[in-house]
Participant: 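Take a look at this one; I'll ask things after.
Only this structure's heavy atoms are used, side chains among them; waters, hydrogens and symmetry mates stay out. Just so you know, these numbers come straight off a predicted model, no measurement behind them. Start at 1 with the first residue, then count along the sequence.
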Amino acid sequence: MAEQPIVQHVDYPLYVVTASAGDEISGCLAGFVTQASIKPVRFLVCISKVNHTFGVAEKSDALALHLVGSDQKDLASLFGELSMDAVSKFNKVEWSRGETGAPILAQCASWAEGNIIDRMSTGDHEAFLMTVTDGGPGTHTGQFTLADASGFDPGHPA
């Protein structure tokens with residue numbers, strides 16, 4: 001009997017990651033995100049290398065991270081199922097530039113922004129280590145998880 005990989009049994013919160021480089025902005029849904037340090041507060045954010053946001057993040061000095069609230073399926077779908085190559089996602093949401101220049105979404109469960117201090121290839125994703133410089137609570141509660149997104153079709157090319 002073949003064993004099922006552990007990843008089939010793990011559920012985790014989903015985030016919208018945003019980045020800017022000059023006038024270009026981008027954002028995507030990300031699940032491979034974890035806090036990497038308490039002091040200083042740092043997060044490891046992994047972005048698929050075929051995602052439009054990867055190209056912008058590669059040219060950026062900072063990222064913003066937004067925890068998607070449990071009632072925000074439409075937001076998760078917008079940033080997870082549509083590609084910035086085809087749709088201007090930021091015309092469909094309220095946002096502003098943060099202190100790092102990264103786009104900050106007005107609607108989320110909580111958010112943080114910070115400078116990228118290291119990058120590493122992890123295979124089909126790139127890991128960005130960010131140190132938090134600002135953040136706060138959002139206007140939604142709970143967490144939208146990977147299980148909540150079952151059935152989503154990723155917006156970036158395969």
Participant: Are side-chain N/O atoms of Asp148 and Thr145 paired as donor and acceptor at under 3.5 Å?
Facilitator: yes
Participant: The criterion is salt bridge (Lys or Arg N to Asp or Glu O under 4.0 Å); which residues satisfy it with Glu24, sequence neighbours excluded?
Facilitator: Lys59
Participant: Restricting to non-hydrogen atoms, name the atom on Leu14 and the atom on Gly31 that form the minimum distance, rounded to 0.1 Å.
Facilitator: CD2-CA, 3.6 Å
Participant: Measuring from Thr131:OG1 to Leu63:CG, what's the distance to the nearest 0.5 Å?
Facilitator: 12.0 Å
Participant: Do Val10 and Val68 share a hydrophobic cluster, counting only Ile, Leu, Val, Met, Phe, Trp and Tyr and linking them when any side-chain heavy atoms are less than 4.5 Å apart?
Facilitator: yes
Participant: Is a side-chain N or O of Glu113 found less than 3.5 angstrom from the main chain of Ile104, in a donor-acceptor match?
Facilitator: no
Participant: To the nearest 0.5 Å, what is the distance between CG on Leu65 and CG on Leu44?
Facilitator: 10.5 Å
Participant: Do any N or O atoms from the side chain of Ser20 and from the backbone of Gly101 form a donor-acceptor pair under 3.5 angstrom?
Facilitator: yes
Participant: Is it the case that the ring center of Phe79 lies less than 6.0 angstrom away from the ring center of Phe152?
Facilitator: no
Participant: Say whether, by atom type as modelled, one donor and one acceptor occur between the side chain of Ser110 and the main chain of Pro137 under 3.5 angstrom.
Facilitator: no
Participant: Rounded to the nearest 0.5 Å, how far does CZ of Phe54 lie from SG of Cys46?
Facilitator: 11.5 Å
Participant: Please name all residues satisfying side-chain hydrogen bond (donor to acceptor under 3.5 Å, both in side chains) with Asp71, sequence neighbours left out, ordered by chain then number.
Facilitator: His140
Participant: Are a donor atom and an acceptor atom from the side chains of Ser26 and Lys89 found within less than 3.5 Å of each other?
Facilitator: no
Participant: Please say yes or no: joined through hydrophobic side-chain contacts below 4.5 Å, possibly via intermediate residues, are Ile47 and Tyr15 part of one cluster?
Facilitator: yes
Participant: Check step by step if side chain to side chain contact (heavy atoms under 4.5 Å, CB included) holds for Gln143 and Ser70.
Facilitator: CA-CA 4 Å; Gln143 299 175 357; Ser70 58; 5.8 Å; no
Participant: Looking only at non-hydrogen atoms, find the nearest pair between His52 and Ile25 and report the distance.
Facilitator: CE1-O, 4.4 Å
Participant: Can you tell me if Ser60 uses its side chain to pair, donor with acceptor, with the backbone of Ala19 under 3.5 Å?
Facilitator: no
Participant: How about Leu29 and Val17: do any of their side-chain heavy atoms sit closer than 4.5 Å?
Facilitator: no
Participant: For Phe128 and Ile116, work out which heavy atoms get closest and say how close.
Facilitator: CD2-CD1, 3.9 Å
Participant: Write down the atom of Trp95, the atom of Val93, and the distance for their closest heavy-atom approach.
Facilitator: CD1-O, 3.5 Å
Participant: Whether the side chain of Arg42 engages the backbone of Leu129 through a donor-acceptor N/O pair (distance < 3.5 Å, no angle test) should be reported.
Facilitator: no
Participant: Would a distance-only check, ignoring hydrogens and angles, find a side-chain to backbone donor-acceptor pair under 3.5 Å from Glu58 to Gly55?
Facilitator: no
Participant: What heavy-atom pair brings His66 and Leu105 nearest, and what distance separates the two atoms?
Facilitator: NE2-N, 3.0 Å
Participant: Return yes if some donor-acceptor pair links the side-chain N/O of Asp11 with the main-chain N/O of Leu146 below 3.5 Å, else return no.
Facilitator: yes
Participant: Could you tell me whether the side chain of Gln72 and the main chain of Gln107 form a donor-acceptor pair under 3.5 Å?
Facilitator: yes
Participant: So if you build clusters from Ile, Leu, Val, Met, Phe, Trp, Tyr with side-chain heavy-atom gaps below 4.5 Å, do Val33 and Trp111 land together?
Facilitator: no
Participant: Do Thr34 and Tyr12 come within less than 4.5 Å of each other through their side chains, counting heavy atoms only?
Facilitator: no
Participant: Would you say Asn115's side chain and Ala62's backbone share a donor-acceptor pair under 3.5 angstrom?
Facilitator: no
Participant: Between Ser48 and Asn51, do the side chains contain a donor N or O and an acceptor N or O under 3.5 Å apart?
Facilitator: no
Participant: Calculate, to the nearest 0.5 Å, the distance between atoms CG and CD belonging to Asp134 and Glu99 respectively.
Facilitator: 4.5 Å
Participant: Parallel, tilted or perpendicular for Phe32 and His125, by the 30°/60° rule?
Facilitator: tilted
Participant: Quick one: pull up CG in Asp74 and NZ in Lys92 and give me the separation to the nearest 0.5 Å.
Facilitator: 11.5 Å
Participant: Might you point out which heavy atoms bring Thr133 and Gly114 nearest each other, and give the distance in Å?
Facilitator: OG1-CA, 3.7 Å
Participant: Answer yes or no: does atom NZ of Lys73 have more than 12 heavy-atom neighbours from other residues, nucleotides or ligands under 6.0 Å?
Facilitator: no
Participant: Is the shortest side-chain heavy-atom distance between Thr139 and Cys108 below 4.5 Å?
Facilitator: no
Participant: Would a hydrophobic clustering, with Ile, Leu, Val, Met, Phe, Trp and Tyr connected at side-chain separations under 4.5 Å, put Val16 with Leu67?
Facilitator: no
Participant: Distance-only, no hydrogens or angles: does the Gln35 side chain make a donor-acceptor pair with backbone N or O of Ser37 under 3.5 Å?
Facilitator: yes
